[in-house]
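For reference, the structure discussed in these notes is given below.
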Amino acid sequence: MQLRSFAIAAVLAAASLVNGQRGCGTSISASQIKAAEAHFAANQVVPTESFAGLAPTVSVHFHVVTAGTTLAQGNVPDSQIQAQINVLNQDYASTGLNFVLANTSRITNAGWFNNVGPSNSQQTAMKNALRVGDARTLNVYTVGFKSSSTSGLLGYATFPSSYSGAPKDDGVVILFSSLPGGTTTNYNGGQTLTHEVGHWVGLYHTFQGGCSGVGDQVADTPPEASPASGCPVGRDTCSGGGVDPIHNYMDYSYDSCMTEFSAGQTTRLQSQIATYRGF
């Protein structure tokens with residue numbers, strides 16, 4: 001099977017942590033989705049029975065990028081990293097995935113810590129220097145997002161179908177203070193990484209495409225006109241289809257409000273990583 005890149009690596013979105021709303025820099029255009037979904041439909045691999053038995057293991061490599069030695073400079077302790085792995089396993093328990101911390105590297109580089117952003121030169125240099133493993137390996141980079149262009153960003157990720165064309169770009173970048181016990185109010189329960197890993201395993205935002213079209217490519221997530229903020233129970237921005245999926249990990253709700261992946265999302269992510277990541 002010929003796999004090629006669809007140039008849907010993460011690019012900087014307008015969303016940021018403004019007025020208390022989640023900011024995810026993972027963005028994909030309608031034309032990119034059309035191309036990616038056509039390729040996925042033509043080459044889709046059915047997941048093996050391992051998802052129903054022994055959970056496939058994702059090896060996680062944490063790259064802690066700091067501006068110095070203090071916590072405020074990004075030097076998160078091992079206890080927070082392990083807590084984050086625990087959160088991933090709790091949040092993905094229904095999907096058949098198991099996350100194991102393989103290694104933690106610590107790098108002092110103020111330029112990367114402050115300035116890394118989607119597709120910029122600082123990010124390219126960081127990933128080229130630090131990324132390890134293959135398509136099955138989850139590389140997580142914690143940074144500060146201190147520059148004017150990335151201030152307020154919580155994280156961003158690449159999609160599975162991007163790997164073959166840009167393997168060094170593959171992975172997730174998150175704000176260090178979004179780890180469990182961090183200092184980013186309402187976004188310090190660890191669900192930022194859960195959300196971004198959702199992209200890494202092939203899921204779109206629940207509000208992708210708004211109220212029209214095929215949205216996030218998952219039938220059992222109700223259409224949503226725009227990202228949710230806070231935890232607006234009963235919010236319904238699209239007529240028909242049910243209330244907005246504000247509790248879904250792929251929305252923009254507070255960490256405390258996020259509690260679920262849908263059955264359809266589980267089916268999709270399993271097939272996405274079977275097709276593009278070799279699980």
Does a donor on one side chain sit under 3.5 Å from an acceptor on the other, for [X] and [Y]?
X      : Y      : value
Arg235 : Ser226 : yes
Gln123 : Tyr156 : yes
Thr70  : Gln73  : yes
Asp244 : Thr237 : yes
Asn139 : His63  : yes
Thr66  : Asn75  : no
Tyr276 : Gln44  : no
Gln265 : Asp220 : no
Asn115 : Ser147 : no
Thr206 : Glu224 : yes
Gln82  : Asn86  : yes

request  = Take Leu97 and Leu269 through the test side chain to side chain contact (heavy atoms under 4.5 Å, CB included) and record every step on the way to the result.
outcome  = CA-CA 10 Å; Leu97 287 180; Leu269 73 84; 3.9 Å; yes
Examine distances only and state if a side-chain atom of [X] and a backbone atom of [Y] form a donor-acceptor pair shorter than 3.5 Å.
X      : Y      : result
Arg131 : Pro167 : yes
Thr275 : Val45  : yes
Tyr92  : Thr194 : yes
Thr158 : Gly171 : yes
Lys127 : Lys168 : no
Asn248 : Met250 : yes

Quick one: [atom1] on [X] to [atom2] on [Y], what's the gap to the nearest 0.5 Å?
X      : Y      : atom1 : atom2 : value
Leu88  : Gln191 : CG    : CD    : 9.0 Å
Asn109 : Gln122 : CG    : CD    : 7.0 Å
Leu138 : Ile85  : CG    : CD1   : 7.5 Å
His39  : Asn43  : NE2   : CG    : 4.0 Å
Lys146 : Leu153 : NZ    : CG    : 13.0 Å
Leu193 : Trp200 : CG    : CH2   : 10.5 Å

When hydrophobic residues are tied together by side-chain contacts of less than 4.5 Å, even through go-betweens, does [X] share a cluster with [Y]?
X      : Y      : result
Phe40  : Val218 : no
Ile246 : Phe261 : no
Phe207 : Val243 : no
Val87  : Val173 : no
Val76  : Val143 : yes

request  = I would like to know whether Arg136 and Asp170 meet salt bridge (Lys or Arg N to Asp or Glu O under 4.0 Å); could you show each step before the answer?
outcome  = CA-CA 10 Å; Arg136 295 165 62 104; Asp170 187 67; over 6 Å; no
Distance-minimising heavy-atom pair for [X] and [Y]:
X      : Y      : value
Glu196 : Ile174 : CG-CG2, 4.2 Å
Tyr163 : Gly133 : OH-O, 4.3 Å
Ala135 : Arg277 : O-NH1, 2.8 Å
Ser262 : Thr221 : OG-CG2, 3.6 Å
Pro223 : Gly240 : CG-O, 4.0 Å
His61  : Ala102 : NE2-CB, 3.5 Å

inquiry  = Is the distance between the ring centroids of Phe145 and Phe176 under 6.0 Å?
reply    = no
task = Please list all pairs passing the disulfide bond (SG atoms under 2.5 Å apart) test where one or both residues lie in residues 227-256, with sequence neighbours left out.
result = Cys211-Cys238, Cys231-Cys257
Pairwise side-chain contact, [X] with [Y], heavy-atom cut-off 4.5 Å (strictly under):
X      : Y      : result
Gln270 : Phe279 : no
Leu101 : Ile81  : yes
Ile107 : Trp112 : yes
Leu154 : Thr184 : yes

message = Determine whether Asn89 and Asn98 satisfy the following criterion, side chain to side chain contact (heavy atoms under 4.5 Å, CB included), listing intermediate values before the conclusion.
response = CA-CA 6 Å; Asn89 281 314; Asn98 179 52; 3.2 Å; yes
message = Can you see whether Phe62 has Arg106 sitting over its ring - NZ or CZ less than 6.0 Å from the centre and within 45° of the normal?
response = no
message = If you apply the rule side chain to side chain contact (heavy atoms under 4.5 Å, CB included), what do you find for Val116 with Val65, and how did you get there?
response = CA-CA 10 Å; Val116 157; Val65 179; over 6 Å; no
key: Greater than 12 external heavy atoms within 6.0 Å of Lys34's NZ   = no
task = Would you check, one step at a time, whether the test side chain to side chain contact (heavy atoms under 4.5 Å, CB included) holds for Asn103 with Ser105?
result = CA-CA 7 Å; Asn103 186 60; Ser105 63; 4.3 Å; yes
query = Stepwise, does the ring pair (Phe, Tyr, Trp, His ring centres under 6.0 Å) test hold for His199 with Tyr204?
reply = CA-CA 6 Å; His199 295 310; Tyr204 300 129; 7.9 Å; no
